[in-house]
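This report concerns only the one structure given below.
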Number of protein chains: 2
Amino acid sequence: MKNNIKVQRAIHNLTQQDLADRISVSRQTINALEAGKYVPSTVLALKLAKLFDKTVNEIFELEAED
Amino acid sequence: MKNNIKVQRAIHNLTQQDLADRISVSRQTINALEAGKYVPSTVLALKLAKLFDKTVNEIFELEAED
DNA sequence: CCAATAAGTAAAACAAACTTTACATTTTGT
DNA sequence: ACAAAATGTAAAGTTTGTTTTACTTATTGG
């Protein structure tokens, strides 16, 4: 699964720390997410989508290996 | 977080086992999801959405306590 | 150039998702 | 009513998300 969190974050001009604070996770979680190191929970995905005013599907996309 | 998986499943006329097989999880995972016992991964949410031809946001919804 | 801020990374610990097995209860079709 | 299928539930175990701490490497602004 891939995501465009880094782009959304740039559009909204937020640091990883800013974003982490907004959705109540650690900065490392944001960093690891952007690096594609793991798959977040659906609650986290919904929170990110809400903050960015996008649907979850606009931010996250399934890949072949999923 | 709440979801309407049970409704979608009814619309598509699938048993919990059918659905579990389609997205490669155990039947208990489907059962627990419908019962709101836990929050699925975003990959699982995307797979469900794809199967039901809906967006993740149409199936899952944040609640106050999230 | 220097200092501050932001980002990358890693390991240990903890919390939560998910599986497996197993059994009980409910629903459905005949 | 009976049998079969579907659903509910639960406990133990494995895997994976997430936090915390900490240190290093970029990037930015003055």
Side-chain angles (χ1 to χ4, degrees):
Chain A
M1 194 195 59
K2 61 180 182 173
N3 69 71
N4 59 19
I5 295 172
K6 195 166 186 172
V7 172
Q8 297 300 325
R9 191 166 60 76
I11 291 172
H12 291 262
N13 198 34
L14 296 170
T15 68
Q16 291 183 343
Q17 185 67 68
D18 288 338
L19 179 51
D21 292 345
R22 295 285 204 101
I23 63 178
S24 303
V25 294
S26 70
R27 182 181 66 80
Q28 283 74 359
T29 293
I30 299 299
N31 189 286
L33 277 179
E34 291 188 356
K37 289 210 180 143
Y38 59 73
V39 173
S41 74
T42 299
V43 163
L44 221 169
L46 286 168
K47 284 183 178 176
L48 285 165
K50 186 178 181 183
L51 183 60
F52 293 145
D53 196 29
K54 296 275 179 185
T55 65
V56 169
N57 296 73
E58 286 172 326
I59 298 177
F60 296 90
E61 192 179 352
L62 284 176
E63 291 180 294
E65 69 266 29
D66 298 321
Chain B
M1 195 195 60
K2 61 178 182 175
N3 70 72
N4 58 20
I5 294 171
K6 195 166 187 173
V7 172
Q8 297 300 325
R9 191 166 60 77
I11 291 173
H12 292 262
N13 197 33
L14 297 170
T15 68
Q16 292 183 344
Q17 187 67 67
D18 288 338
L19 179 51
D21 291 345
R22 294 283 205 104
I23 62 178
S24 303
V25 295
S26 70
R27 181 180 67 82
Q28 283 75 359
T29 292
I30 299 299
N31 189 286
L33 278 179
E34 290 188 357
K37 290 210 180 143
Y38 60 74
V39 174
S41 74
T42 299
V43 163
L44 221 167
L46 286 168
K47 284 183 179 178
L48 285 165
K50 186 178 181 183
L51 184 60
F52 293 146
D53 196 29
K54 296 275 180 185
T55 65
V56 169
N57 296 75
E58 286 172 324
I59 297 177
F60 296 91
E61 191 178 353
L62 284 176
E63 292 181 293
E65 68 266 29
D66 300 320

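All values below were derived from every heavy atom in this structure, side-chain atoms included, with hydrogens, water molecules and symmetry-related copies excluded. In what follows, chains carry the letters A, B, and so on, assigned in the order in which the sequence lines appear, proteins first and then strands, with residues in each chain numbered from 1.
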Atom CD1 of I5(B) to atom P of dA6(D): distance rounded to whole Å?
19 Å
In whole angstroms, the gap separating P of dG17(D) from CD1 of I23(A) amounts to 15 Å
Base, sugar-phosphate, or nothing: which does S41(B) touch, judged by heavy atoms less than 4.0 Å apart?
sugar-phosphate
Within the structure provided, determine whether L19(B) and F52(B) are in side-chain contact (heavy-atom separation under 4.5 Å).
yes
Which residue, V43(B), L51(B), L44(B), forms the side chain to side chain contact (heavy atoms under 4.5 Å, CB included) with K47(B)?
V43(B)
Between CD of E34(A) and P of dT18(D) the distance, given in whole Å, is 14 Å
Interatomic distance where OH belongs to Y38(B) and C1' belongs to dT16(D) [whole Å]
13 Å
Go through dG17(D), dA17(C), dT19(C) for me and flag the one nearest to the V25(B) side chain.
dT19(C)
Expressed as a whole number of angstroms, how long is the span from L19(B):CG to dT7(D):P?
10 Å
Residue pair L48(B) / N3(B), side-chain heavy-atom distance below 4.5 Å:
no
The nucleotide from dG8(D), dA17(C), dG17(D) with an atom nearest the side chain of V39(B) is dA17(C)
Got a list of protein N/O to nucleotides 9-13 of chain C N/O distances below 3.5 Å?
residue : atom : partner : partner atom : Å
dT9(C)  : O4   : Q28(A)  : NE2          : 3.4

Regarding T42(B), tell me which of base, sugar-phosphate or nothing describes its non-hydrogen contacts under 4.0 Å with the strands shown.
nothing
Please check the phosphate of dT19(C) (OP1 and OP2 only) for any side-chain N or O of T29(B) closer than 4.0 Å.
yes
Sugar-phosphate only, base, or nothing, as touched by T15(A) at under 4.0 Å among non-hydrogen atoms
sugar-phosphate
Note: for R9(A) and L44(B) on DNA chain C, the residue whose nearest nucleotide lies more 5' is R9(A)
Decide whether I59(A) and V7(A) are clustered together by the hydrophobic rule: side chain heavy atoms of Ile, Leu, Val, Met, Phe, Trp, Tyr closer than 4.5 Å, transitively.
no
Starting from P on dT7(D), measure out to CG on L33(B) and report it in whole angstrom.
14 Å
For the pair made of CD1 in I30(B) and P in dA17(C), what is the distance, rounded to whole Å?
14 Å
Rounded to whole Å, the CG-P distance (D66(B) to dT18(D)) equals 13 Å
Taking D18(B) for the side chain and T15(B) for the main chain, is one N or O donor matched with an acceptor at less than 3.5 Å?
yes
Would you say K6(A) reaches dA6(C)'s phosphate, i.e. side-chain N/O to OP1/OP2 under 4.0 Å?
no
Counting only N and O atoms by type, is there a donor-acceptor contact under 3.5 Å from the side chain of D66(B) to the main-chain atoms of M1(B)?
yes
Does one hydrophobic cluster hold both I23(A) and I11(A), with members joined at side-chain heavy-atom distances below 4.5 Å?
no
